[in-house]
Amino acid sequence: NKEREKRKDEHVQLALLDDRLPPSHFDHLTFVHHSLPNIGWSDINLHVVLPDLDLKSPLYINAMTGGSEKTGKINAELAIIAKATGIAMGVGSQHAGLRNESLADTYRIVRRNNPEGTIFANVGADVLLDFALNAIEMLEANALQIHLNAPQELIMPEGERDFTGWLSQIEKIIKHVKIPVIVKEVGFGMSRNTLRLLKEIGVQYVDISGRGGTNFIGIENRRREKQEYDYLRGWGQTTPISLLEAQEYMNDMMIFASGGIRNPLDAVKCLSLGAKAIGLASPILRVLQNEGTERAIEELINWHEQMKTICTMLGARNMEELCAFPLVITGEVREWCEMRGIDIVAIANRGRL
Ligand code: FNR
């Protein structure tokens with residue numbers, strides 16, 4: 001148990017290092033500027049209504065902390081931030097709190113500090129159904145995130161080595177859980193092949209959590225004595241590529257985007273590619289740890305205002321309209337799409353402009 005608590009604290013420390021590999025694929029996506037937006041700032045509506053999930057904001061704080069004393073304190077602050085800004089939030093994997101009652105409070109504090117908030121529970125895909133139900137109950141959660149993190153486990157010295165049966169376990173959980181189940185990556189992105197398998201078993205909500213921000217191969221590699229896996233840090237699909245891989249599923253599944261979202265423009269680009277919500281993990285952790293709770297609240301309020309500014313500049317009143325604006329895709333992302341047969345010419349020429 002002490003080992004696990006130490007690991008949770010190390011993850012936070014290492015995530016703050018920010019050793020992202022450039023370039024960001026978000027820089028390969030460019031909106032076409034239009035000189036006649038014909039709307040006003042107050043026309044913008046960023047409210048997101050989804051089946052069984054009502055989000056006042058498309059932004060949410062993604063799964064990170066809990067399971068040790070220090071990360072429990074971070075959870076308490078994140079909950080205050082979520083409450084003050086009205087945004088949804090996830091907690092880190094609850095396995096520690098499920099196995100050890102004395103750690104359950106490091107998660108429960110989130111509900112205590114934000115009684116009316118939208119909160120996501122979090123478990124791994126290998127979890128037994130009863131554990132998943134207990135994780136939901138622990139938080140009176142509004143949705144359950146199931147994380148997929150095979151690369152992280154493999155590089156983690158003490159990690160899991162057998163990933164057999166995840167899909168059937170997810171299927172079982174979905175059948176029994178009455179709140180939305182969000183299947184998420186942890187920063188390696190998804191492919192259309194992964195999405196097809198998830199859709200076939202009835203998954204409705206997915207967070208493609210792509211490469212470009214927090215890098216768990218990098219983090220776990222630093223926890224290894226020899227740090228021999230540095231060369232694998234580029235593994236996985238970036239967030240823009242994952243959203244492009246997901247294009248054919250945008251109408252039948254609720255796709256969330258996270259991973260390496262640096263600023264409000266990156267967030268608006270995700271929405272324009274069809275994402276229904278945008279998860280931020282390390283950017284919020286960093287402001288909270290370096291500058292405190294009040295600054296983190298301010299930062300999120302600024303993100304909202306600036307997202308509205310960008311929407312006004314484009315002339316898009318809401319998410320639906322955003323998805324009808326042309327986005328030009330260049331560089332490595334374009335090459336990827338050409339090889340994978342993803343129609344980016346249609347995206348560059350869509351809509352009424
Ligand atoms: C995470 N993430 C994560 N995800 C998850 O589903 N369960 C977890 O326990 C954790 N733990 C965790 C700890 C820390 C310190 C960080 C920074 C992140 C992954 C997170 O939810 C997200 O998918 C990635 O961090 C990518 O987003 P960012 O950080 O690039 O915005």
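Just follow the structure's listing: the first ligand is 1, and inside any ligand the first atom is 1. Residues take their numbers from the sequence shown, with the count starting at 1. Basis for what follows: all heavy atoms, side chains included, without hydrogens, waters or symmetry-related copies.
Distances below 4.0 Å separate heavy atoms of S209 from the following atoms of ligand 1: 22 (C), 23 (O), 24 (C), 26 (C). Contact atoms of ligand 1 toward G92: 8 (C), 9 (O) (distance under 4.0 Å to a heavy atom of the residue). Every atom of ligand 1 is numbered from 1 in the order shown, and the set under 4.0 Å from a heavy atom of S282 is 28 (P), 29 (O), 30 (O), 31 (O). The contact set between ligand 1 and G260, taken as ligand atoms under 4.0 Å from a residue heavy atom, comprises 28 (P), 30 (O). Near G213, with a cut-off below 4.0 Å to any heavy atom, the atoms of ligand 1 are 30 (O). Near P283, with a cut-off below 4.0 Å to any heavy atom, the atoms of ligand 1 are 31 (O).
The shortest N/O to N/O separation between A281 and ligand 1 falls below 3.5 Å.
Contact annotation for S93 and ligand 1: heavy atoms of both the backbone and the side chain come within less than 4.0 Å of the ligand. Contacts between N122 and ligand 1, counted as non-hydrogen atom pairs separated by less than 4.0 Å, involve the side chain only. Residue contacts with ligand 1 for A63 involve both N, CA, C or O and side-chain atoms from C-beta outward (heavy atoms, distance under 4.0 Å).
Residue contacts with ligand 1 do not include I261, since none of its heavy atoms lies under 4.0 Å from the ligand. The closest approach between a heavy atom of K184 and any atom of ligand 1 is below 4.0 Å. Residue E185 places a heavy atom less than 4.0 Å from ligand 1.
Scanning the protein heavy atoms around atom 14 (C) of ligand 1, the nearest turns out to be M64 CG, 3.8 Å. The closest protein non-hydrogen atom to atom 24 (C) of ligand 1 is V186 O, 3.8 Å. From the protein, the heavy atom lying nearest to atom 29 (O) of ligand 1 is T214 OG1, 2.5 Å.
Two rings, from Y60 and F120, have their centers less than 6.0 Å apart. The distance between the ring centers of F31 and F325 does not fall below 6.0 angstrom.
A salt bridge links K73 and E69; the closest N-O separation between the charged side-chain nitrogens and carboxylate oxygens is under 4.0 Å.
For the pair R192 (side chain) and L244 (backbone), a donor-acceptor distance under 3.5 Å is absent. Here the side chain of D266 pairs a donor or acceptor atom with the backbone of R262 at under 3.5 angstrom. Between the side chain of N149 and the backbone N or O of Q152, no donor-acceptor pair lies under 3.5 Å. With hydrogens and angles disregarded, no donor-acceptor distance shorter than 3.5 Å links the side chain of T194 to the backbone of M190.
None of Q145, Q94, H95 except one satisfies the side chain to side chain donor-acceptor pair (under 3.5 Å) rule with N122; the exception is Q145.
At least one side-chain heavy atom of E332 sits under 4.5 Å from a side-chain heavy atom of H28. Side-chain atoms of L243 and C270, non-hydrogen and from C-beta on, do get closer than 4.5 Å to each other.
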